[in-house]
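For reference, the structure discussed in these notes is given below.
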Amino acid sequence: MATILGIESTCDETAASVVLDGYDVRSNVVASQVELHEKYRGVVPEIASRAHIENILPVVREALHSAACGLATIDAIAVAHRPGLVGSLLIGVTAAKTLAWSLGKPLIGVDHVHAHLYSVKLETNQDPPMPAVGLVVSGGHTALYRVNSWSDVTLIGSTIDDAVGEAYDKVAAVLDLGYPGGPVIDKLAAEGEANIQFPRSLLGRESLDFSFSGLKTAVLYNVRGVPGRRHVTPPPPPPPPPDEKRLRDIAASFQAACVGTILEKLKRALRKTRGRSVIVGGGVSANQGLREALKTLPVPTFVPPMRYCTDNAAMSAGLAHVKYTAGQFSSLDLDAITYSEIARKG
Ligand code: KG4
Ligand code: ZN
């Protein structure tokens, strides 16, 4: 039996959660910063870190309060310390270290992306058949993994440019649909017809990597016209802004291209790893089109409940339980590790 307090501040959500035995979520508090970043149509790192400073203590207090548990009953403090925006990560890591040191409790650093995979275990306590193919699709990540166990996760493919959630957010900006773009495009797509053939970058027959920047540009050209035709005089006028019907069809066609690409990569990964199941996590795993498409795969698929798709601390507190049981604790010099450091050193 272990009660773990988890802390999350990798990007633009400040979150804290109390989880018992790796699955029993006693509280799950998330302070979203969407309103702060909305007008910039994306996350502004400096604004994010300042908001984390303001939110971290009230969020931790609220998580303890709503779990009806005092600090004395916490067995360990978990924190997502990689990967993320450095200014954001530092707030959660510093709060977790301070709590661990002052209370004399163990500190457990976890990988935020691995924690997204673990989110399928929350509440249900289900363990997918392994080895599994893991897919994390979010605003910052599009990555495929071979998951041998919750503590043995190997990267087998990732995006070479935009993350899929980032493509959703950028396409929403082109279509003037607000931020974040995923939920609104998902809703429009359900009402539209996928009648535009947008490109699907598969990057060669065997590749498990992803590319979404060509698709994003294709949507831009479809909406605003193709630039650079200077030899045509006079230059063709830009197309009229899409009406409601065309907007829904563009959303449906974009979503079909994203989901089709993801599904093909999952099939390839299943063949390559002989995976016995598929685990999907991250903000884009909330996508209804993707959830439907996953049902066509030949193995059981696991997606988290909607509240654990986007960033939260319950998934970190849950994954930390695996390390707690194995006695794998972090020292007080635990580092905040950014995306670029991981790309450089692995
Ligand atoms: O996991 P998350 O909260 O943050 C990161 O770690 O990046 O994911 C946020 C991303 C955003 O890009 C958002 O547009 C996308 O998840 N998203 C969706 C949906 N809900 C959120 N994308 C597609 N369909 C959705 N229903
Ligand atoms: Zn995330």
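Just so it is clear, the structure is predicted and the values come from calculations on it, not from any experiment.
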Compare all side-chain heavy atoms of His112 with those of Pro83 and state whether any distance is below 4.5 angstrom.
-> yes

Has the side chain of Lys105 got a donor or acceptor atom that lies under 3.5 Å from a matching backbone atom of Ala72?
-> yes

What's the shortest heavy-atom distance between Leu107 and Ser331, and which atoms?
-> CD2-O, 3.5 Å

Kindly indicate, with the supporting measurements, whether the criterion side-chain contact (heavy atoms from CB on, under 4.5 Å) is fulfilled by Leu71 and Leu64.
-> CA-CA 7 Å; Leu71 280 171; Leu64 291 166; 3.6 Å; yes

Verdict with reasoning, Leu188 to Leu177, per side-chain contact (heavy atoms from CB on, under 4.5 Å) = CA-CA 10 Å; Leu188 283 175; Leu177 295 172; 3.7 Å; yes

Which heavy atom in Asp161 sits nearest to a heavy atom in Ser211, and how many Å separate them?
-> OD2-OG, 2.7 Å

Can you tell if the side chain of Ile279 reaches within under 4.5 Å of the side chain of Tyr118, non-hydrogen atoms only?
-> no

Would you say the side-chain atoms of Ser201 pair up with the backbone N or O of Leu203, donor to acceptor, closer than 3.5 Å?
-> no

Please lay out, stage by stage, how Glu13 and Asn312 fare under the test side-chain contact (heavy atoms from CB on, under 4.5 Å).
-> CA-CA 8 Å; Glu13 329 274 3; Asn312 65 85; over 6 Å; no

Under 3.5 Å, is there a donor-acceptor pair between the Glu264 and Thr261 side chains?
-> no

Less than 4.5 Å apart, any side-chain heavy atom of Arg307 and any of Glu123?
-> yes

Using a strict cut-off of less than 4.0 Å between a Lys/Arg side-chain nitrogen and an Asp/Glu carboxylate oxygen, indicate whether Lys216 and Asp162 qualify as a salt bridge.
-> yes

So, the side chain of Asp249 versus the backbone of Asn195: is there a donor-acceptor pair under 3.5 Å, distance only?
-> no

Using a distance-only test with no angle check, is there a side-chain donor-acceptor pair under 3.5 angstrom linking His52 and Asp12?
-> no

Find the distance between CZ (Phe210) and CZ (Arg200) and round it off to the nearest 0.5 Å.
-> 13.5 Å

Rounded to the nearest 0.5 Å, what separation is found between the CE atom of Met315 and the CG atom of Leu319?
-> 9.5 Å

Pair Tyr168, Asp186: side-chain N/O donor-acceptor within cut-off below 3.5 Å = no

Expected output: side-chain Arg268 to main-chain Ser207 donor-acceptor under 3.5 Å = yes

Rounded distance (nearest 0.5 Å) linking atom CG of Asp311 with atom OG1 of Thr10 = 5.0 Å

Without swapping roles, check the side chain of Thr142 against the backbone of Ser138 for a donor-acceptor pair under 3.5 Å.
-> no

Hey, does Leu266 have a side-chain heavy atom less than 4.5 Å from the side chain of Leu144?
-> yes

Side-chain contact test, heavy atoms from C-beta onward, threshold under 4.5 Å: evaluate it for Arg291 versus Met306 and give yes or no.
-> yes

NZ (Lys245) with more than 12 external heavy atoms under 6.0 Å | yes

Transitive ILVMFWY side-chain link Ile160 to Ile156, under 4.5 Å = no

From CA spacing to verdict: ring pair (Phe, Tyr, Trp, His ring centres under 6.0 Å), Tyr145, His114 = CA-CA 9 Å; Tyr145 297 88; His114 295 179; 5.7 Å; yes

Measure from the side-chain N and O atoms of Thr3 to the backbone N and O of Asp75, and report whether any donor-acceptor pair falls under 3.5 Å.
-> no

Looking at Arg50 and Glu54, does any basic side-chain N land under 4.0 Å from a carboxylate oxygen?
-> no

Straight-line distance of Leu89 CG to Ile337 CD1, nearest 0.5 Å | 9.0 Å

Look only at the side chain of Ser330 and the backbone of Gly109, and say whether a donor-acceptor pair between them is shorter than 3.5 Å.
-> yes

Could you tell me the separation between the CG atom of Leu208 and the CZ atom of Arg271, rounded to the nearest 0.5 Å?
-> 9.5 Å

Is any side-chain heavy atom of Val280 closer than 4.5 Å to a side-chain heavy atom of Leu294?
-> yes

Please name the pair of heavy atoms, one in Leu5 and one in Ala317, separated by the smallest distance, quoted to 0.1 Å.
-> C-CB, 4.4 Å

Please check if any side-chain donor atom of Tyr23 sits under 3.5 Å from a side-chain acceptor atom of Gln126, or the reverse.
-> no

The reported gap from CG in Asn222 to CD1 in Ile196 (rounded to nearest 0.5 angstrom) is 4.5 Å

Within-4.5 Å side-chain heavy-atom neighbours: Lys187 and Val184 = no

Side chain Thr73, main chain Cys69, donor-acceptor under 3.5 Å = no

Shortest non-hydrogen pair, Val43 vs Cys11, comes out as CG2-SG, 4.2 Å

Residue pair Thr14 / Glu8, side-chain heavy-atom distance below 4.5 Å | no

Just checking, is any N or O donor in the side chain of Ser253 or Gln255 under 3.5 Å from an acceptor N or O on the other one?
-> no

Mark yes or no for whether Ser17, through its side chain, and Ser27, through its backbone, hold a donor-acceptor pair below 3.5 Å.
-> yes

Can any side-chain N or O of Arg146 pair as donor or acceptor with the backbone N or O of Val153 at less than 3.5 Å?
-> no

Flag yes if Val284 and Leu175 sit in one hydrophobic cluster, no otherwise; membership is Ile, Leu, Val, Met, Phe, Trp, Tyr, and two members link when side-chain heavy atoms are under 4.5 Å apart.
-> yes

Evaluation steps, ring pair (Phe, Tyr, Trp, His ring centres under 6.0 Å), between Tyr324 and Phe329 = CA-CA 7 Å; Tyr324 182 90; Phe329 303 120; 5.8 Å; yes

Which pair of non-hydrogen atoms, one from Val136 and one from His116, has the smallest distance, and what is that distance?
-> CG1-CB, 3.9 Å

Hey, any chance Val120 and Leu290 share a hydrophobic cluster, counting ILVMFWY side chains that come within less than 4.5 Å of each other, even indirectly?
-> no

Would you kindly say whether His81 and Asp111 are connected by a side-chain donor-acceptor distance under 3.5 Å?
-> no

Taking every heavy atom of Ser88 against every heavy atom of Ser49, the minimum-distance pair comes out as N-CB, 3.9 Å

Connected via hydrophobic side-chain network under 4.5 Å: Leu270 and Leu263 = yes

Going only through I, L, V, M, F, W and Y residues with side-chain contacts under 4.5 Å, is there a path from Phe302 to Val278?
-> no

Can you list the steps and then say if Asp152 with Val147 is a side-chain contact (heavy atoms from CB on, under 4.5 Å)?
-> CA-CA 6 Å; Asp152 180 2; Val147 185; over 6 Å; no

